[in-house]
Amino acid sequence: MSGAEAAELFVHPDRNLAMELVRATEAAAIRATPFIGRGDKNAADQAAVDAMRKFLSTVNFQGLVVIGEGEKDDAPMLFNGEEVGTGNGPKCDIAVDPIDGTSLTAAGRSHAISMIAVADRGSMLDASSVFYMRKIVTSHEGIGVVDIQKPIGENIRALAKAKGKPVEEMRIAVLDRPRHEDLIREIREAGAGTRLILDGDVASGINAARHDTRIDMCVGIGGSPEGVATACAIKALGGFMQGVLHPTDDDEKQQGIDAGLKFDHVYGLDDLVSSDNTFFVATGVTDGELVRGVRRNGPLISTESIVLRARSGTLRRVSADHQVSKWLDD
């Protein structure tokens, strides 16, 4: 390897980083497992946060938490602006959610994951001052075909044509919230079916961009931080994504303006994360369509994770068995 090549690897996240990050999401998922179905989402989240932060401290990178658990005073672990890692290696922006779906975990429902997204330093949109974003995500067939500013029925028909399937076979993922009543009605009036999700729209967005799921599109208003994290994954899948910030009041909008954010503006995939060198890793906490949840098999704990990397355009699945005794002694 030449000096220039070595320098390039030092500046930018490389493939080895992905496996290091998986250790952190595995740890968070495993530590959250005792709280599944126990009704205490804060306890589950805290256990996952503590485990993820501990493992991230061993990773050879200079990570800056752009999207974390909130401000420092409100979230002593993994707060926005916190620096993590060993301080050696590439400088990265990171988005972390020790549990995407804390309510799902507390209730014992499916589709909760632990996730980390990583990109080159300075490439992630910091939309933390505006909590909500209206989003649309599809597979690559949506590129040049779908537009978030068009009516949902028009987008569904256009995507169905591009995918070569009847409209009535289209399935659209939407968070099951009162704010989406009209959107859900319009989807059904267009002839498509809905996949209503209780929480965790990151996994549904990823599934909409994959080719081996029943979800064709993910739409609606969800978290802005989750939107940026999802964008890191969609880049690796070659999919389509757009977002429009959705402030809840004038004060929040002014905070966004002060932070340099744009309103009545369509953020494309490259606006959400400008780097083409992104990673997204996730480990299942509870069973879902994206990954299986943590399982106890006698003396072993089994986990399933996915690793997405934009530079190579790959999706890898990582199945791991962990000795229970090692975790009990930790």
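No hydrogens, no waters, no symmetry mates; every other heavy atom, side chains included, goes into these values. Here, residue 1 is the first one in the sequence, and each next residue gets the next number.
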With distance as the sole criterion, is a donor-acceptor pair present between the side chains of T25 and T283 under 3.5 Å? yes
Give me each pair satisfying side-chain hydrogen bond (donor to acceptor under 3.5 Å, both in side chains) with a member in residues 173-185, each pair once, sequence neighbours excluded. R185-E189
Donor-acceptor pair, side chain of T33 and main chain of A29, under 3.5 angstrom: yes
Determine, step by step, whether R23 and E20 satisfy the salt bridge (Lys or Arg N to Asp or Glu O under 4.0 Å) criterion, reporting the C-alpha distance in whole Å, the side-chain angles of both residues, the deciding distance to 0.1 Å, and the verdict. CA-CA 5 Å; R23 294 170 60 240; E20 292 296 305; 3.2 Å; yes
Do the side chains of V137 and I215 join up, straight or via other hydrophobic residues, at under 4.5 Å, putting them in one cluster? no
V84, L21: one ILVMFWY side-chain cluster at the under-4.5 Å cut-off? yes
I want to check a possible cation-pi pair here: K253 against F263, using under 6.0 Å from ring centre and within 45° of the ring axis as the test. yes
For V285, the other hydrophobic cluster members (4.5 Å side-chain criterion, sorted by chain and number) are I36
Run the salt bridge (Lys or Arg N to Asp or Glu O under 4.0 Å) check on D40 and R38 step by step: do they pass? CA-CA 6 Å; D40 190 344; R38 298 299 180 90; over 6 Å; no
Check for me, please, whether M217 and L272 land in the same ILVMFWY cluster - side-chain distances under 4.5 Å, paths through other members count. no
Below 3.5 Å, can you tabulate the donor-acceptor pairs from side chains in residues 193-203 to any protein atom, sequence neighbours excluded?
residue : atom : partner : partner atom : Å
T194    : OG1  : R188    : NE           : 3.3
T194    : OG1  : R188    : NH2          : 2.9
R195    : NH1  : E289    : OE1          : 3.1
D201    : OD2  : K135    : NZ           : 2.8

Only one of I136, N155, I156 passes side-chain contact (heavy atoms from CB on, under 4.5 Å) with K150, and that residue is N155
Output, in order, the C-alpha distance, side-chain angles, deciding distance and verdict of side-chain contact (heavy atoms from CB on, under 4.5 Å) for M52 and I116. CA-CA 10 Å; M52 180 174 283; I116 300 174; 3.7 Å; yes
Okay, side chain of S224, backbone of Y132: is any donor-acceptor separation there less than 3.5 Å? yes
Whether the side chain of T286 engages the backbone of T105 through a donor-acceptor N/O pair (distance < 3.5 Å, no angle test) should be reported. no
Can you confirm whether the side chains of S139 and H211 place a donor and an acceptor under 3.5 Å from each other? no
So, T102 versus D45: side-chain donor-acceptor pair below 3.5 Å or not? no
Is any side-chain heavy atom of V281 closer than 4.5 Å to one of I306? no
Would the number of heavy atoms belonging to other residues, nucleotides or ligands and lying under 6.0 Å from CG of N297 be above 12? yes
Report the C-alpha separation of V96 and M115 in whole Å, then their side-chain angles, then the decisive distance to 0.1 Å, and conclude whether the side-chain contact (heavy atoms from CB on, under 4.5 Å) test is met. CA-CA 6 Å; V96 296; M115 54 133 287; 6.0 Å; no
Determine, using the 4.5 Å side-chain heavy-atom cutoff (strictly less than), whether L183 and M133 are members of one ILVMFWY cluster. no
Strictly distance-based, threshold 3.5 Å: is any side-chain N or O of N60 a donor or acceptor partner for the main-chain N or O of G89? no
Examine V66 and L261 and state if one hydrophobic cluster contains both, with Ile, Leu, Val, Met, Phe, Trp and Tyr joined whenever side-chain heavy atoms are less than 4.5 Å apart. yes
Looking only at atom types and distance, does a side-chain atom of R121 sit under 3.5 Å from a main-chain N or O of S123, one as donor and one as acceptor? no
NZ (K165) with more than 12 external heavy atoms under 6.0 Å: yes
Worked verdict on I30 versus H322 for side-chain contact (heavy atoms from CB on, under 4.5 Å): CA-CA 10 Å; I30 290 171; H322 314 259; 3.8 Å; yes
Salt bridge (Lys or Arg N to Asp or Glu O under 4.0 Å), that's the test. Do D271 and K262 meet it? Break it down for me. CA-CA 11 Å; D271 299 316; K262 302 176 183 178; over 6 Å; no
Side chains of S302 and D321, donor plus acceptor under 3.5 Å: yes
Return the set of residues passing salt bridge (Lys or Arg N to Asp or Glu O under 4.0 Å) with R292 (not counting sequence neighbours), or none when no residue passes. E304
Sequence neighbours excluded, which residues qualify as ring-ring contact (aromatic ring centres under 6.0 Å, His included) partners of F61? none
Measure the spacing between CD1 of I94 and CG of L56 and express it to the nearest 0.5 Å. 5.5 Å
Does R109 use its side chain to pair, donor to acceptor, with the backbone of A106 at less than 3.5 Å? no
Test side-chain contact (heavy atoms from CB on, under 4.5 Å) on L290 and H111; report intermediate values, then the result. CA-CA 8 Å; L290 185 64; H111 302 296; over 6 Å; no
Could you list the donor-acceptor pairs under 3.5 angstrom formed by side chains in residues 234-252, with sequence neighbours left out?
residue : atom : partner : partner atom : Å
K235    : NZ   : D270    : OD1          : 2.6
K235    : NZ   : V273    : O            : 3.0
K235    : NZ   : S275    : O            : 3.0
K235    : NZ   : D276    : OD1          : 3.1
Q242    : OE1  : I148    : N            : 2.7
T248    : OG1  : E252    : OE1          : 2.9
D249    : OD1  : D251    : N            : 3.2
D249    : OD1  : E252    : N            : 2.7
E252    : OE1  : T248    : N            : 2.6
E252    : OE2  : F131    : N            : 2.9

